[in-house]
Amino acid sequence: MPSQSRRRVRSPMAAPQSFLWSRRIFLTLLAGFVLLPVYVMVSSSLKPLEDVSGTFQWIPSGLTVRPYFDIWETVPLADYFMNSLIVAGAATVCSVTIAVFAAYAVSRYSFRGKRVFTVTVLSTQMFPGILFLLPLFLIYVNIGNATGIALFGSRGGLILTYLTFSLPFSIWMLIGYFDSVPRDLDEAAKVDGCGPLGALFRVIVPAAIPGIVAVAVYAFMTAWGEVLFASVMTNDTTRTLAVGLQGYSTQNDVYWNQIMAASLVVSLPVVAGFLLLQRYLVTGLTAGAVK
């Protein structure tokens with residue numbers, strides 16, 4: 001009996017080959033578009049300054065790790081790093097803590113003005129941040145003159161500033177996530193003798209960990225890379241990384257290799273945190289957006 005060539009039977013629900021190849025080509029181009037700037041940053045950070053200042057070469061003629069050591073001496077990068085870490089960390093903790101209590105109250109209780117509060121919180125995201133720059137500047141200066149509390153040029157003032165951006169979104173997102181947690185869990189906690197705070201911390205918070213992590217990542221990234229308010233609300237001692245990178249540009253020269261090296265070092269905490277918490281972040285954003 002003559003052998004017959006066996007052809008693999010395609011499922012009627014399978015995508016056509018043209019679609020699969022189009023998707024591969026598109027994803028390859030998209031990956032190249034995203035990774036190309038990263039390659040330029042990495043290669044430029046490993047070149048001597050004279051090679052970076054001239055015509056860009058895709059294949060470096062010589063590599064050096066000296067820029068990664070010089071970035072700590074050209075500008076006080078360690079101080080800027082510590083300022084950013086303190087400001088972003090404090091803004092994240094305050095934003096998450098306040099948002100958890102506010103979202104729990106809105107999600108589980110009925111009170112007068114509840115809808116107005118929710119709409120007001122969400123509507124604050126419609127305005128660009130630059131509209132708040134001058135009012136906050138004047139408020140901080142007047143508070144400092146009247147009470148002696150130095151908000152302008154201090155880490156505390158910058159933390160309060162970042163709360164005005166991250167807190168409304170954090171509250172709105174956690175409201176949607178808390179609404180997705182069944183209320184039967186609250187009733188079961190009350191039967192076991194828990195009060196409102198006991199139900200919140202023993203039942204609601206553990207069930208809403210993905211949403212809380214998503215809020216924390218958003219608040220941290222917002223504070224870590226913000227430039228506009230940090231350039232106005234800080235001084236030489238409280239300057240953050242996003243503003244401190246300008247120190248590599250002087251009147252005589254621009255240390256491009258050090259700028260690229262410092263940018264990569266600055267990006268490492270955010271990238272590492274995103275990779276470690278990616279599963280919680282995707283789950284929290286999806287649940288908060290859909291529910």
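Atom set for the values below is all heavy atoms of this structure, side chains included, hydrogens, waters and symmetry mates excluded. None of the values given here were measured: they were computed from a predicted structure. Sequential numbering from 1 along the given sequence is applied to the chain's residues.
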Inset, instruction - Classify the angle between the aromatic ring planes of F169 and Y218 as parallel (below 30°), tilted (30 to 60°) or perpendicular (above 60°). - result: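 Rings of F169 and Y218: tilted, as their planes differ by 30° to 60°.
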Inset, instruction - Identify whether V227 and L131 are in the same connected component of the hydrophobic contact network (ILVMFWY, side-chain heavy atoms under 4.5 Å). - result: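 As far as the 4.5 Å side-chain criterion goes, L131 and V227 are not connected within one cluster.
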Inset, instruction - Please say which of L136, L134, V141 ends up in a side chain to side chain contact (heavy atoms under 4.5 Å, CB included) with L138. - result: L134
Inset, instruction - Going by the side chain to side chain contact (heavy atoms under 4.5 Å, CB included) test, name the single residue among D70, L77, N257, V254 that passes it with Y248. - result: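 Testing Y248 for a side chain to side chain contact (heavy atoms under 4.5 Å, CB included) against D70, L77, N257, V254 leaves exactly one candidate, L77.
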Legend entry - Residues which pass salt bridge (Lys or Arg N to Asp or Glu O under 4.0 Å) with R155, listed by chain and number, not counting sequence neighbours: none
Inset, instruction - With sequence neighbours excluded, tell me which residues meet salt bridge (Lys or Arg N to Asp or Glu O under 4.0 Å) with R202. - result: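 With sequence neighbours excluded, R202 shows a salt bridge (Lys or Arg N to Asp or Glu O under 4.0 Å) to no residue whatsoever.
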Inset, instruction - Sequence neighbours left out, what passes side chain to side chain contact (heavy atoms under 4.5 Å, CB included) with A219? Give chain and number order. - result: T92, S95, S166
Inset, instruction - Could you tell me whether W224 and Y80 have their ring centroids closer than 6.0 angstrom? - result: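 Not under 6.0 Å, so no.
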Legend entry - W256 versus L49, closest heavy-atom pair with distance: N-CD1, 3.8 Å
Inset, instruction - Identify the two heavy atoms, one from Y162 and one from A91, that lie closest to each other, and give their separation to 0.1 Å. - result: CB-CB, 4.2 Å
Inset, instruction - Enter the distance from T64:OG1 to F69:CZ here, rounded to the nearest 0.5 Å. - result: 9.0 Å
Under 3.5 Å, sequence neighbours excluded: what are the donor-acceptor pairs made by side chains of residues 97-107?
residue, atom, partner, partner atom, Å
T97, OG1, V93, O, 2.7
Y104, OH, P196, O, 3.3
S107, OG, D179, OD1, 2.6

Distance-only donor-acceptor hits, side chain of residues 259-271, under 3.5 Å, sequence neighbours excluded:
residue, atom, partner, partner atom, Å
S263, OG, I259, O, 2.7
S267, OG, S263, O, 2.7

Name the atoms and distances for all side-chain donor-acceptor pairs under 3.5 Å in residues 23-41, with sequence neighbours left out.
residue, atom, partner, partner atom, Å
T28, OG1, R24, O, 2.7
Y39, OH, W58, O, 2.2

